[in-house]
Amino acid sequence: MCGRFALYSDSFSLIKRFEADALPELCPRYNVAPTQSIPIVREESGKRRFALARWGLIPHWAKDMDIGYHTINARAETVASKPAFRNAFRYRRCLIPADGFYEWQVVPGSKTKQPWFIVLRDREPMAFAGLWERWRSPEGEDLESCSIIVTDGNELMQPIHDRMPVILAPGDWDTWLEAETKDAAGLQGLLKPYSAEDMEAWRVSMMINSPRNDSEECLKQTNKI
DNA sequence: CCAGACGTTGTT
DNA sequence: GTCTGG
DNA sequence: CCAGACGTTGTT
DNA sequence: GTCTGG
């Protein structure tokens with residue numbers, strides 16, 4: 001599962017890393033929560049462009065936004081066939097940039113969960129496999145929204161949580177973003193747990209629990225168990 | 001045929 | 001919009 | 001994902 | 001318990 005992440009890299013680094021333009025003005029974020037507006041990368045006429053989308057995908061047929069509370073993640077195993085996601089999987093795939101993400105570990109005998117922060121060992125921003133949609137509200141306003149695809153946790157994640165976001169290696173970005181895809185099975189094949197050896201995790205304080213806390217302190221390692 | 005769901009996680 | 005359940 | 005609210009009327 | 005806000 002992936003219900004909170006961080007995105008604090010500066011614009012220059014993000015543009016360089018994702019080779020995309022039109023990055024909106026961003027401030028560093030250490031505690032991004034569902035329903036917030038987040039940057040996505042998609043391909044428009046062969047070029048990568050940034051855009052903002054509300055986190056929590058609202059299918060075009062939804063009559064209100066409520067479903068968005070339950071579509072912050074899409075299961076890799078079923079994303080190709082579920083009514084809420086299959087059209088987006090076929091036609092509207094995107095990358096969702098993050099410097100790291102948070103997961104909450106259930107600790108036996110403890111009433112509270114232990115939050116962890118997970119990054120790539122090389123500290124580069126990662127790309128979650130994402131989907132986006134455009135929804136027209138009853139008032140006639142268009143809203144773009146998105147979802148992060150999740151899969152089984154790898155060996156690093158397993159002790160922490162059984163699910164993790166799908167992270168795509170740079171070499172797979174073009175394949176994922178390509179509008180014309182003859183090979184749906186090939187896309188499905190990209191939705192695997194990322195290599196655990198290339199990731200790193202540490203405990204962080206309960207401060208992360210409240211989405212109101214959005215400072216660099218959220219990343220600080222703690223020994224609390 | 002029409003009505004109603006369409007989602008994830010975690011917990012029960 | 002499209003599929004499933006009744 | 002977690003935290004925090006969850007209600008009405010009337011008055012300031 | 002469940003929904004909304006962040």
Side-chain angles (χ1 to χ4, degrees), chain A residues 1-8 26-39 52-92 96 98-119 128-138 142-143 145-153 157-167 191 193 201 203-215 217-219 222 224:
Chain A
M1 166 117 232
C2 180
R4 218 74 79 78
F5 66 91
L7 181 64
Y8 42 78
L26 300 177
C27 59
R29 295 293 311 277
Y30 302 92
N31 197 354
V32 179
T35 72
Q36 293 177 351
S37 180
I38 61 174
L52 293 175
R54 178 188 158 104
W55 184 11
L57 185 144
I58 302 161
H60 72 102
W61 42 256
K63 53 185 185 307
D64 55 44
M65 292 169 61
D66 284 1
I67 193 172
Y69 289 108
H70 309 280
T71 50
I72 64 169
N73 295 135
R75 293 176 62 83
E77 300 88 334
T78 54
V79 69
S81 60
K82 291 278 185 180
F85 298 122
R86 61 188 168 196
N87 282 326
F89 177 70
R90 189 157 173 201
Y91 301 112
R92 288 175 294 278
I96 299 180
D99 284 287
F101 62 96
Y102 299 94
E103 293 288 356
W104 279 260
Q105 175 186 35
V106 176
V107 181
S110 169
K111 275 189 92 173
T112 59
K113 293 183 188 175
Q114 171 64 54
W116 291 72
F117 186 57
I118 300 100
V119 296
F128 297 145
L131 305 173
W132 68 275
E133 270 284 4
R134 187 173 288 136
W135 175 74
R136 178 156 296 183
S137 75
D142 282 342
L143 176 72
S145 57
C146 61
S147 186
I148 296 170
I149 301 179
V150 292
T151 185
D152 286 327
M157 295 305 304
Q158 214 49 249
I160 302 170
H161 197 79
D162 64 343
R163 304 288 285 173
M164 67 180 283
V166 171
I167 298 167
L191 306 181
R203 293 185 184 88
V204 292
S205 82
M206 300 288 181
M207 186 184 165
I208 193 64
N209 291 10
S210 173
R212 291 174 191 277
N213 299 325
D214 191 9
S215 73
E217 257 191 277
C218 292
L219 312 180
T222 168
K224 180 143 192 289

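Below, chain A is the first sequence line, B the second, and so on; all start at residue 1.
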Can you tell me which residue among Arg212(A), Arg4(A), Glu217(A), Gln36(A) is in a side-chain hydrogen bond (donor to acceptor under 3.5 Å, both in side chains) with Asn31(A)?
Arg4(A)
Rounded to whole angstrom, note down the P distance from dA5(D) over to dT8(B).
30 Å
Can you see whether Arg92(A) engages Asn87(A) through a side-chain donor-acceptor pair at a distance of less than 3.5 angstrom?
no
Rounded to whole angstrom, note down the P distance from dT12(B) over to dC1(D).
15 Å
Going from CG on Leu57(A) to CH2 on Trp135(A), what distance comes out if it is rounded to the nearest 0.5 angstrom?
12.0 Å
Quick check for you: to the nearest 0.5 Å, what is the distance between Met157(A) atom CE and Asp162(A) atom CG?
9.5 Å
Using a 4.0 Å heavy-atom cut-off, does Asp162(A) contact any base of the nucleic acid, only the sugar-phosphate backbone, or nothing at all?
sugar-phosphate
Between the main-chain N or O of Leu52(A) and the side-chain N or O of Ser37(A), is there a donor-acceptor pair closer than 3.5 Å?
no
When the P atoms of dC6(B) and dT2(E) are considered, how many whole Å apart are they?
16 Å
With rounding to the nearest 0.5 angstrom, report the CG to CG distance, Leu219(A) to Asp99(A).
8.5 Å
Mind calculating the distance between CD1 (Ile208(A)) and C1' (dG6(E)) to the nearest angstrom?
12 Å
Base-paired stems in DNA chain D, each at least three Watson-Crick or G-U pairs under 3.5 Å
D:1-6 with E:1-6
Distance in angstrom units between Arg212(A) CZ and dG6(E) C1', rounded:
7 Å
Ala62(A) near the nucleic acid: base, sugar-phosphate alone, or nothing, with a heavy-atom cut-off under 4.0 Å?
nothing
For Asp214(A) and dG6(E), what is the distance between atoms CG and C1' respectively, to the nearest whole Å?
10 Å
Classify the angle between the aromatic ring planes of Phe128(A) and Phe101(A) as parallel (below 30°), tilted (30 to 60°) or perpendicular (above 60°).
perpendicular
Can you check whether Val150(A)'s main-chain N or O pairs, donor with acceptor, with Asn73(A)'s side chain at less than 3.5 Å?
no
Separation of Tyr8(A) OH from Arg29(A) CZ (nearest 0.5 Å):
13.5 Å
Value in whole Å for how far the P atom of dG1(C) lies from CD of Glu133(A):
13 Å
Taking the same atom, C1', in dA3(B) and in dG7(D), what whole-Å distance lies between them?
33 Å
When we call it a touch if two heavy atoms are under 4.0 Å apart, what does Phe85(A) touch: a base, just sugar-phosphate, or nothing?
sugar-phosphate
In whole angstroms, how far is the C1' atom of dG1(C) from the CD1 atom of Ile58(A)?
16 Å
Measure the distance from CE on Met207(A) to C1' on dG6(E) and round it to the nearest whole Å.
14 Å
What does Ala33(A) touch in the nucleic acid at a heavy-atom separation under 4.0 angstrom: a base, only the sugar-phosphate, or nothing?
base
What range of DNA chain D does chain A touch, first nucleotide to last, counting atoms under 4.0 Å from its heavy atoms?
dC1(D) to dA3(D)
Residue pair Cys2(A)/Lys63(A) against DNA chain B: nearer the 5' end by closest nucleotide is Lys63(A)
Rounded distance (Å) that lies between atom P of dT2(C) and atom CD1 of Ile67(A):
16 Å
Please classify the nucleic acid contact of Val150(A) as base, sugar-phosphate, or nothing, using heavy-atom distances under 4.0 Å.
sugar-phosphate
Just by distance, do the side chain of Trp55(A) and the backbone of Ala33(A) share a donor-acceptor pair under 3.5 Å?
no
Look at the side chain of His60(A) and decide which nucleotide, out of dG5(E), dG1(C), dT4(E), has an atom nearest to it.
dG1(C)
Rounded to the nearest 0.5 Å, how far does CE of Met65(A) lie from OG1 of Thr71(A)?
10.0 Å
Looking only at atom P, what distance separates dC2(D) and dT11(B), rounded to whole Å?
9 Å
Heavy atoms only, 4.0 Å cut-off, all strands: where does Arg86(A) land among base, sugar-phosphate and nothing?
sugar-phosphate
With distance as the sole criterion, do the side chain of Thr35(A) and the base of dG5(E) form a donor-acceptor contact below 3.5 Å?
no
Determine the contact category for Ile72(A): base if any of its heavy atoms lies under 4.0 Å from a base atom, sugar-phosphate if only primed atoms, P, OP1 or OP2 are that close, otherwise nothing.
base
